[in-house]
Q: 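Dumping the structure here so I can ask a few things about it.
In the text below, chain A, chain B and the rest are named by the order of the sequence lines, each starting its count at 1. Computed over heavy atoms, backbone and side chain alike; hydrogens, waters and symmetry mates excluded.
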Amino acid sequence: MKEKIQSLIESGLESLVEGGVLPEETRPQVQVTRTKDKAHGDFATNVALALAKPAGMNPRELAGRLVEALPEDPAIARVEIAGPGFINFFVSQAAAASVIDQVLAQGERFGRSDVGAGRRVQVEFVSANPTGPLHVGHGRGAAYGAVVADLLEAVGFDVHREYYVNDAGRQMDILALSVWLRYLELCGVEFPFPSNAYKGDYITRDIARVLFDEVGEEYAVPAAELMADIPADEPDGGDKEAHVDALIERARHVLGDVRYRYVFDLGLTRVLDGIRDDLEAFGLTFDEWYSERGLADRGLINQGIERLRELGHVYEQDGALWFRASEFGDDKDRVVQRENGQTTYFASDIAYHMDKLERGFERVIDIWGADHHGYVPRLRAAMRALGEAEERLDVLLVQFAALYRGGEKVPMSTRSGSFVTLRELREEVGEDAARFFYVMRKSEQHLDFDLDLAKSQSNDNPVYYVQYAHARVCSVLRQMDERGMARDVERGRGGITRLTESHEQSLIKRLQAFPELVERSALRHEPHTLVHYLRELANEFHTYYNAHPFLVEEDAELRDARLNLIVAVRQVVANGLGLLGVSAPERM
RNA sequence: GCCCCCGUAGCUCAGCUGGAUAGAGCAAUCCCCUCCUAAGGGAUCGGUCGCAGGUUCGAAUCCUGCCGGGGGCGCCA
């Protein structure tokens, strides 16, 4: 409909140009928008305002000429000029209501499109370090990424969902150490647990216990051997990093490569399995779990550095290898290979992103926590240095979520180990509420997650509010059966012009807007607009429900027309909730 | 110090690529079940869009400066 009006305007403009009213070179992008106020019709355009100046005419006069030049169209009932020179279009009732048939015919495909034209897009999200269970902060990135990916798929992109597994590096060594030390405790060895090691009880419970059951005391050493010549920990006036690093070396030495690797991998796989389970229960699946270690094994990290070196974008200083990031828009140069010969996380990321592009994705989307924003310029700098088109990379930053219970902020810090896990959140409020609340706000907005509200079974809870619209339609249909009425879709189609109530008109307009909304929501990576849409749709439906009976006894044609409308509403609610990963219950 | 995000009703937030009297929800006050689930609906109250300039036919929206809140600035990941 929007496109139709657009082309009507374009041909109107064309004839004005031919008639010499408008200068030849006038080629504006015609903007057609849905009106907010129904007094302004269904659609409006501001072309007359935009063209007033080049045409040397006042906007209202120009609008008048344009309206006269518009071709007739049965779908347009009326055209008006309003305000400073807006042109308002009133769509005929029958043309508008045809959306109901469209929804019924397309079913769950309604709202989908092919603007993506099958182009390949990679979405990398969550990618939390496998050192412990996912917490509520990761949950938001997970929910957001899942919806962004689903939306892109809905509008025709070929989407590849990927989780980057940081299975190499020091933090994983600390995990391995933590597992081994907890195991030693299970063996009865007594020593002070390092302040900088991972203290979560999942380590003892899920990992060290398994190790102990498998190998008995075979991997154990006495406390004296463990702690000999280890520098003091922070509480004892030492440096916690040096303390932990020394212990990691000790573990490697005592266990030997094979056993150390065994402990390391045990920790990794147990934690990763937990993460996978959590995400699956949250309705998320990935096409690929991409290993950082694999990147190193395939030599890609060194290849990346080499390529930068060939291009003259790296130099040596203080024994380390630096990338000239500052020449490509970053604040300063960045180390890619440390003095000790180890490559940095950044070097891995360069290699990873090179690989993403080489795998043939036209667009690559990274979804990160907002605390990583400082990292964006350096990655972009690397892309540019490598001669990659920067526009292919999108980094979407998601702000953290704060939980509120009883009006109080739930204290959380990774350091103190008092973080709430995603699993706990899910168990407390349920998957639907969690998914819905997480994407309710603009991603760059801090999210206040009200646990009491998410749990409440009341009209205040926006999740139930939307779901209830779906359940209510189901309930009406059940009621219809109970009353012995038969629904006739065709008869409803015949009575489509009977839907003249203002509630019906608004609902029809709302349904029409859905495909555009999905498209915009997808292309702009803004799931929250879908949430708002569903709330409005549900609201209009509930209002309609209270204002008019659907199961009209004495007028089968009107009844079936109304039933077609509300079944279409149900379909769109279901499609929308489906995109959000939220269920659409048949009864509540 | 530099960088990013945010500042809209008492609270939580929308506001599309600049557009017509700035919108929801919650809270507050009042009203609606002999009627398809009241997990619902309606009405009222509530705003100097942080402040000051600028751009233009038109600014909550774009630009600059300032104020306030949050986050980030490692040879960590």
Q: Could you list the residues that satisfy salt bridge (Lys or Arg N to Asp or Glu O under 4.0 Å) with Glu391(A), not counting sequence neighbours?
A: none
Q: Heavy atoms under 4.0 Å, any strand shown: does His470(A) hit a base, just sugar-phosphate, or nothing?
A: nothing
Q: Here's one to test your reading of the geometry: is the NZ or CZ of Arg472(A) within 45 degrees of the ring axis of Tyr545(A) and under 6.0 Å from its centre?
A: yes
Q: So, OP1 or OP2 of G15(B): does either fall under 4.0 Å of a side-chain N or O from Lys442(A)?
A: yes
Q: Looking at Asn129(A), Val126(A), Leu295(A), which hits side chain to side chain contact (heavy atoms under 4.5 Å, CB included) with Tyr164(A)?
A: Leu295(A)
Q: Using a 3.5 Å cut-off and no angle test, enumerate the donor-acceptor pairs between side-chain atoms of residues 437-450 of chain A and protein atoms at least two apart in sequence or in another chain.
A:
{"residue": "Tyr438(A)", "atom": "OH", "partner": "Val136(A)", "partner atom": "O", "Å": "2.7"}
{"residue": "Asp450(A)", "atom": "OD1", "partner": "Asp452(A)", "partner atom": "N", "Å": "3.1"}
{"residue": "Asp450(A)", "atom": "OD1", "partner": "Leu453(A)", "partner atom": "N", "Å": "3.0"}

Q: Gln342(A): what forms a side chain to side chain donor-acceptor pair (under 3.5 Å) with it, not counting sequence neighbours?
A: Arg338(A)
Q: When rounded to the nearest Å, what value does the distance between P atoms of G71(B) and C13(B) take?
A: 15 Å
Q: Could you run through nucleotides 70-77 of chain B and give me one letter per nucleotide, 5' to 3': B if any protein heavy atom sits under 4.0 Å from the base, S if only the sugar-phosphate is that close, - if neither?
A: SBS-SBSB
Q: Quote, to the nearest angstrom, the P distance that separates U56(B) from A22(B).
A: 25 Å
Q: Ignoring hydrogens and angles, are the base of A20(B) and the side chain of Asn88(A) linked by a donor-acceptor pair under 3.5 Å?
A: yes
Q: How would you list, by chain and number, every residue that makes a side chain to side chain donor-acceptor pair (under 3.5 Å) with Glu504(A), sequence neighbours excluded?
A: Tyr544(A), Arg562(A)
Q: State which residues pass ring-ring contact (aromatic ring centres under 6.0 Å, His included) with His40(A); sequence neighbours excluded, sorted by chain then number.
A: none
Q: Should Arg520(A) be listed as having a side-chain N or O under 4.0 Å from OP1 or OP2 of U17(B)?
A: no
Q: Counting any heavy atom closer than 4.0 Å, what does Ala44(A) reach on the DNA or RNA strands: base, sugar-phosphate only, or nothing?
A: base
Q: Once you round it to whole Å, what is the distance between P of C4(B) and CG of Leu396(A)?
A: 17 Å
Q: Quick one: which protein N/O atoms are closer than 3.5 Å to N/O atoms of nucleotides 57-61 of chain B? Pair and distance per line, please.
A:
{"residue": "C57(B)", "atom": "OP1", "partner": "Lys53(A)", "partner atom": "NZ", "Å": "2.5"}

Q: If I take atom CE in residue Met480(A) and atom C1' in nucleotide C36(B), what distance separates them, rounded to the nearest angstrom?
A: 11 Å
Q: Specify the separation, in whole Å, of atom CZ of Arg559(A) and atom C1' of C35(B).
A: 16 Å
Q: Could you work out the separation of U61(B) and G54(B) based on their C1' atoms and round it to a whole Å?
A: 15 Å
Q: List in chain and number order the residues that pass side chain to side chain donor-acceptor pair (under 3.5 Å) with Asn166(A), two or more places apart in sequence or in another chain; answer none if no residue qualifies.
A: Glu292(A)
Q: Rounded to the nearest angstrom, tell me the gap between atom CZ in Arg441(A) and atom C1' in C5(B).
A: 16 Å
Q: Atom pairs under 3.5 Å, N or O on each side, protein against nucleotides 42-45 of chain B: can you list them with distances?
A:
{"residue": "G42(B)", "atom": "OP1", "partner": "Thr543(A)", "partner atom": "OG1", "Å": "3.1"}

Q: Sequence neighbours excluded, which residues qualify as salt bridge (Lys or Arg N to Asp or Glu O under 4.0 Å) partners of Arg334(A)?
A: Asp330(A)
Q: Could you tell me how far C4(B) sits from C63(B) if I compare only their P atoms? Round to whole Å.
A: 12 Å
Q: What does Arg524(A) touch in the nucleic acid at a heavy-atom separation under 4.0 angstrom: a base, only the sugar-phosphate, or nothing?
A: sugar-phosphate
Q: Tell me every residue that passes salt bridge (Lys or Arg N to Asp or Glu O under 4.0 Å) with Arg478(A), counting only those two or more places apart in sequence or in another chain.
A: none
Q: Under the rule for side chain to side chain donor-acceptor pair (under 3.5 Å), what residues qualify as partners of Ser291(A), not counting sequence neighbours?
A: Asp167(A)
Q: Taking only side-chain N and O atoms of Tyr464(A), does any of them lie within less than 4.0 angstrom of OP1 or OP2 on U37(B)?
A: no
Q: Quote, to the nearest angstrom, the C1' distance that separates U37(B) from G23(B).
A: 29 Å
